[in-house]
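Scope of the values below: all heavy atoms of this structure, side chains included, with no hydrogens, waters or symmetry mates.
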Amino acid sequence: MIVIKESGNGRYEVYAEDHHWEAFPGPLGAILTAEGLAKRLAPACGGEVTIETPWGSKQVRASV
């Protein structure tokens, strides 16, 4: 699972096991980073990774 957390002042951080990215100045950078990481991790995680965000959750599947 990958989590995007709001860290205050409109900044967001991306967390996953053994991964952490510092605050992004807005949600777009955090979303793109989380989706890229999910696609990279998905094959090792059974083909699908969940991204939890302040706006809801999303499933990302491994690229075929």
Visitor: Nearest heavy-atom pair of Ala38 and Val49: which atoms, and what distance?
Guide: O-CG2, 3.8 Å
Visitor: Tell me which donor-acceptor pairs under 3.5 Å the side chains of residues 51-58 have, and how far apart each pair is, sequence neighbours excluded?
Guide:
from  : atom 1 : to    : atom 2 : distance (Å)
Thr53 : OG1    : Trp55 : N      : 3.0
Thr53 : OG1    : Gly56 : N      : 3.1
Thr53 : OG1    : Gly56 : O      : 2.7
Lys58 : NZ     : Glu35 : OE2    : 2.5

Visitor: Excluding sequence neighbours, so at least two apart, what forms side chain to side chain donor-acceptor pair (under 3.5 Å) with Thr50?
Guide: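 By the side chain to side chain donor-acceptor pair (under 3.5 Å) rule, Thr50 matches Gln59.
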Visitor: On a heavy-atom basis, which atom in Tyr12 and which in Ala30 lie closest, and how many Å separate them?
Guide: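 Minimum heavy-atom separation between Tyr12 and Ala30: CB-CB, 3.7 Å.
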Visitor: For Arg40, enumerate each residue passing the side chain to side chain contact (heavy atoms under 4.5 Å, CB included) test, keeping only those at least two apart in sequence or located in another chain.
Guide: His19, Leu37
Visitor: Could you pull out all residues at least two apart from Glu13 that satisfy side chain to side chain donor-acceptor pair (under 3.5 Å)?
Guide: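 Here the qualifying residues are Tyr15, His20.
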Visitor: Could you check if a side-chain atom of Val3 sits within less than 4.5 angstrom of a side-chain atom of Val14, using non-hydrogen atoms only?
Guide: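 They are not in side-chain contact.
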Visitor: Listed by chain and number, what are the side chain to side chain donor-acceptor pair (under 3.5 Å) partners of Arg61, not counting sequence neighbours?
Guide: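 Result, side chain to side chain donor-acceptor pair (under 3.5 Å) vs Arg61: Glu48.
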Visitor: Under the rule for side chain to side chain contact (heavy atoms under 4.5 Å, CB included), what residues qualify as partners of Glu17, not counting sequence neighbours?
Guide: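 None.
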